[in-house]
Amino acid sequence: MTRILLIAEHDGKTLNPSTARSLAGAKEIGEQVDIAVFAADAGPVSEQAAALEGVQTVLAVERPENEHALAATLAPQIQELAEDYTHVLMPSTTFGKDVMPRAAALMGVPQVSDIMEVIDEHSFKRPIYANNVIVTVKTPAEPRVAGTVRPASFQAVGTGGQASIEKRSTSAELPDHTRFVELQADESDRPDLQSADRVVSGGRGVGNKENFEIIYRIADKLGAAVGASRAAVDAGFVPNDMQVGQTGKIVAPELYICFGISGAIQHVTGIKDAGTIVAVNKDPDAPIFEIADLGLVGDLFEIIPELEEKIG
Amino acid sequence: MKILVPVKRTIDYNVKPQIKRDGSGVNTEGVKMSINPFDEIALEEAIRIKERGDAEEIIAVTIAGSEAQQQLRTALAMGADRAVLVEVDETVQPPLAARALLKVREQEEADLVLMGKQAIDDDCNQTGQMMAALWGRPQATFTSKLELSEGTVRATREVDAGLETIEIDLPAVVTTDLRLNEPRFVKMPDIMKAKRKPLETTSLDTLGVERPAQLEVQTHEPPPQRGGGKMVESVDELLSELKNRGAL
Ligand SMILES: Cc1cc2nc3c(=O)[nH]c(=O)nc-3n(C[C@H](O)[C@H](O)[C@H](O)COP(=O)(O)OP(=O)(O)OC[C@H]3O[C@@H](n4cnc5c(N)ncnc54)[C@H](O)[C@@H]3O)c2cc1C
Ligand SMILES: Nc1ncnc2c1ncn2[C@@H]1O[C@H](COP(=O)(O)O)[C@@H](O)[C@H]1O
């Protein structure tokens with residue numbers, strides 16, 4: 001009997017959209033999915049998780065140590081809950097990538113990272129070599145499967161569900177060798193990059209931090225989230241959490257428009273799941289045009305104002 | 001303090017991987033091989049720590065076939081003091097790599113393990129975390145800034161929400177992100193000097209490493225290709241194409 005435990009990602013108040021997408025992946029493995037919410041106060045997040053379509057039970061694990069998502073404190077508790085399950089899953093975001101392997105090692109099982117397709121309960125497809133190669137891997141049947149689900153590969157499940165919420169306690173002794181200090185988050189009212197329907201990105205071609213305003217403006221006009229290439233982040237145009245690509249965020253919007261990005265494989269890896277990719281670059285030979293659905297050769301500083309005007 | 005830096009030999013990040021005709025793997029024959037870029041960053045950070053006087057010795061280690069001596073020599077040329085090759089002819093996935101690295105760590109009594117967050121061949125992003133778990137010690141993954149003080153490390157981590165700072169007690173495992181530093185270029189005289197630095201070879205059995213369960217890799221295939229794109233000549237054409245596709 002397949003029983004799946006999905007670990008919720010959240011910031012203490014709001015469930016991260018990666019959870020609803022990972023749930024869709026989990027449902028392809030089996031029907032019985034529970035979600036665990038580790039928090040100091042799990043109330044609001046548990047309710048959001050319970051509203052996701054097709055969840056059996058939400059396990060609310062409240063401990064003061066769970067205020068911040070630290071791998072060293074979460075992994076032993078996940079190991080403890082895992083006893084009742086055949087599969088333990090997390091989203092393959094920085095949260096899941098940090099915590100899951102630690103829990104998998106405690107459980108004594110290998111991990112399938114970045115599940116992009118479910119073949120059966122024990123066989124999965126996952127990307128390697130920056131998404132240039134897809135492998136099919138098979139896990140040992142016993143004792144259980146540990147994996148991270150690639151959110152970009154699955155459409156989020158809807159809401160309207162009414163799962164029951166159960167309080168659960170864990171007895172694992174938690175270490176104090178790892179301490180949260182602070183989180184510097186860029187507060188922005190723009191849509192979340194990883195779940196937005198539209199994303200506008202800028203690269204080194206934008207030139208500098210001041211010029212990046214033009215990218216924000218066109219993004220706001222389109223109601224889009226804003227992303228960037230690594231070169232733009234490294235050059236200090238934008239903060240690191242805007243990086244799209246192999247080592248940044250994997251995005252899957254319906255529309256992805258990039259300006260002044262050359263199209264290095266490490267960047268392209270992050271956008272392959274987008275619906276329509278539009279590239280604007282002044283170099284007609286830029287590799288980005290090989291993968292873009294629509295390409296326009298030209299200077300972004302001329303094209304963006306024209307776009308703004310014509311979108312109205 | 002001693003720092004252990006695990007390095008993995010991978011296809012150079014500029015090379016586009018080619019799948020073998022029978023789908024059994026990726027061709028590495030005649031392909032440029034390098035140190036995994038994240039491990040190079042880890043090594044650079046270790047060297048800077050040593051140059052500041054906060055570490056006495058840097059040991060580079062790899063679990064691989066004998067051809068990985070080449071990458072260990074590069075690590076020595078960059079500034080590692082010694083190298084250890086755990087020679088294997090079997091498949092090494094993160095559960096096995098973590099166990100082997102842990103044995104070497106124990107043998108060397110290193111207080112800090114500095115390694116890549118991810119190997120760019122398997123893209124697993126698991127080994128450091130697994131090692132820290134089995135060791136029962138702290139981990140700081142995705143590190144873009146590292147500050148050492150007496151017995152602790154303050155690590156700034158690149159997470160999806162922004163930059164998170166945590167403090168961990170030593171000994172510990174730290175995995176590196178790209179913006180931690182920019183690795184130095186190796187100079188000719190250093191390559192010559194590296195030839196005289198010690199490179200020890202050992203085996204999993206000598207170290208007493210247990211074989212954990214791993215994944216069975218069944219097939220390799222190319223990713224689904226995106227349909228052929230179209231070049232447009234003007235903003236007007238772009239907008240009408242987008243509207244036709246229902247994308248705007
Ligand atoms: C291990 C590893 C991981 C990496 N991970 C990532 C990752 O996650 N994400 C990522 O993005 N990169 C990543 N990179 C870096 C990647 O290899 C490229 O260096 C990077 O993507 C280049 O960014 P860019 O396209 O903005 O810059 P460039 O390659 O410099 O391209 C700039 C482009 O702008 C165009 N341009 C200039 N001016 C204008 C103008 N006025 N109008 C229109 N076009 C203009 C130019 O023609 C050029 O094509 C990684 C690299 C490594 C080694
Ligand atoms: N066979 C190996 N030998 C040495 N180090 C390794 C090996 N495999 C993985 N590593 C280290 O673990 C990191 C993460 O690898 P992975 O979990 O495979 O993505 C790499 O950046 C290396 O530092």
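First the proteins, then the strands, lettered A, B, ... as listed; each starts at 1.
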Side chain, backbone, both or neither: which part of [X] has an atom under 4.5 Å from a heavy atom of chain A?
X       : result
V26(B)  : side chain
S234(B) : backbone
F38(B)  : side chain
P223(B) : both
L215(B) : both

Taking every non-hydrogen atom, the tightest pair across [X] and [Y]:
X       : Y       : answer
V181(A) : R154(B) : CG1-NH1, 3.5 Å
M231(B) : L296(A) : CE-N, 4.3 Å
D98(A)  : Q129(B) : O-CG, 3.4 Å
I168(B) : R179(A) : C-NH2, 4.5 Å
P101(A) : M130(B) : O-CG, 3.5 Å
Q139(B) : A71(A)  : NE2-CB, 3.2 Å

Greatest number of heavy atom pairs closer than 4.5 Å to chain A - which of [options]:
options                            : answer
D122(B), I11(B), D169(B), T10(B)   : D169(B)
Q214(B), R179(B), E158(B), Q218(B) : R179(B)
C124(B), P94(B), P222(B)           : C124(B)
E237(B), Q225(B), R157(B)          : R157(B)
N125(B), L163(B), L170(B)          : L163(B)
E241(B), Q93(B), E221(B), E233(B)  : E221(B)

More than 12 heavy atoms of other residues, nucleotides or ligands under 6.0 Å from [atom1] of [X]: is that the case?
X       : atom1 : result
E308(A) : CD    : yes
R21(B)  : CZ    : no
K20(B)  : NZ    : yes
E67(B)  : CD    : yes
D89(B)  : CG    : no

* Test side chain to side chain contact (heavy atoms under 4.5 Å, CB included) on F180(A) and E164(B) and set out the steps. => CA-CA 8 Å; F180(A) 173 86; E164(B) 184 193 69; 3.8 Å; yes
* Asked: Between atom CG of D123(B) and atom OG of S113(A), what is the distance when rounded to the nearest 0.5 Å?
  -> 9.0 Å
* Asked: What distance separates Q266(A) CD from N14(B) CG, expressed to the nearest 0.5 Å?
  -> 7.5 Å
* Asked: Can you find a pair of side-chain heavy atoms, one from I166(B) and one from H68(A), that are under 4.5 Å apart?
  -> no
* Residue pair V235(B) / E309(A), side-chain heavy-atom distance below 4.5 Å -> no
* To do: Check the pair I128(A) / H220(B) against side chain to side chain contact (heavy atoms under 4.5 Å, CB included), numbers first and verdict last.
  => CA-CA 9 Å; I128(A) 60 172; H220(B) 292 69; 4.1 Å; yes
For residues 131-139 of chain A, run the donor-acceptor check on the side chains, cut-off 3.5 Å, and write out each pair with its distance to 0.1 Å, sequence neighbours left out.
unit_1: N132(A); atom_1: OD1; unit_2: K16(B); atom_2: NZ; d: 3.1
unit_1: N132(A); atom_1: ND2; unit_2: Y129(A); atom_2: O; d: 3.0
unit_1: T136(A); atom_1: OG1; unit_2: T219(B); atom_2: OG1; d: 3.1

Check each atom of [X] against the heavy atoms of chain B and say whether the ones under 4.5 Å are side chain, backbone, both or neither.
X       : value
K125(A) : side chain
E182(A) : both
A292(A) : backbone
L255(A) : side chain
V109(A) : backbone
E290(A) : neither
D114(A) : side chain
I265(A) : side chain
K249(A) : side chain

Does [X] reach the main-chain N or O of [Y] with its side chain, forming a donor-acceptor pair under 3.5 Å?
X       : Y       : value
D160(B) : T94(A)  : yes
R102(A) : L134(B) : no
Q126(B) : Q111(A) : yes

* Asked: So L222(A) and L248(B), side chain to side chain contact (heavy atoms under 4.5 Å, CB included) or not? Walk me through it.
  -> CA-CA 9 Å; L222(A) 292 166; L248(B) 259 194; 3.6 Å; yes
Which one, [options], leads in non-hydrogen pairs under 4.5 Å with chain B?
options                            : result
D241(A), T276(A), N240(A), T178(A) : N240(A)
Q243(A), R230(A), Q194(A), R198(A) : R230(A)
P127(A), A274(A), P175(A)          : A274(A)
V280(A), I277(A), D197(A)          : I277(A)
S123(A), A105(A), P110(A)          : P110(A)

* Considering only NZ, NE, NH1 and NH2 on the basic side and carboxylate oxygens on the acidic side, decide whether D236(B) and K310(A) come within less than 4.0 Å. =>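 Salt bridge present between D236(B) and K310(A).
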* To do: Take L307(A) and L239(B) through the test side chain to side chain contact (heavy atoms under 4.5 Å, CB included) and record every step on the way to the result.
  => CA-CA 8 Å; L307(A) 265 174; L239(B) 288 172; 3.7 Å; yes
